[in-house]
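Since the structure comes first, as structure tokens, the remarks are kept for the end.
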Amino acid sequence: MASALIYVVVVLAVAAVVYLLASLVFGRGEELEPLRPGATPTRLPPSPLAGHDVRSLRFQLVFRGYKVSEVDWALERLADELDDARRRVTLLERELKVERQRRDDSAEANGQDSADGEGTSTERER
């Protein structure tokens, strides 16, 4: 019985030494060093955002998921970018509509002027 107990203690000691040695050599299995407290991996470039920026977005993991303040910040930035893009699209659509109307008006005016001009030139030729 005593030899079995000694065997178990030796096996546990060897296992603990191997575990500690592996932990020192390989770290905690992380690809990058741990973040310092208060730091965040969440990065977004200055405007404008592109699809790959959103796809590469990463949030800090906390006890029960992602850090709420980081997710809220990212969603707010994305919402602002989306609102800005929609404002620009609306503005450009209005400008395009005005330009088309202006072009149609000038085409109508040129059509009437050319008809009047043709009539006056024929009268001069007679």
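FYI, side chains are in, hydrogens and waters are out, and symmetry mates aren't considered; it's all heavy atoms of this structure. In this text the structure is predicted, and so the values were computed from the model without any measurement.
Hydrophobic cluster membership is shared by Val18 and Val10, with clusters built from Ile, Leu, Val, Met, Phe, Trp and Tyr side chains linked at under 4.5 angstrom. A single hydrophobic cluster is not seen to contain both Leu12 and Leu21; linkage of ILVMFWY side chains at heavy-atom distances under 4.5 Å, directly or through other members, places them apart.
Side chains of Val98 and Arg94 form no contact here, defined as non-hydrogen atoms less than 4.5 Å apart.
Among the candidates Thr90, Asp83, Val89, Leu91, the single residue satisfying the side chain to side chain contact (heavy atoms under 4.5 Å, CB included) test with Arg87 is Asp83. Checking Asp80, Leu78, Asp72 one by one against Glu76, the side chain to side chain contact (heavy atoms under 4.5 Å, CB included) holds for a single residue, Asp80.
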For residues 99-107, which side-chain donor-acceptor pairs fall under 3.5 Å, sequence neighbours excluded?
unit_1 : atom_1 : unit_2 : atom_2 : d
Glu99  : OE1    : Arg102 : NH1    : 3.3
Gln101 : NE2    : Asp105 : OD1    : 3.1
Ser106 : OG     : Arg102 : O      : 3.3
Ser106 : OG     : Arg103 : O      : 2.9

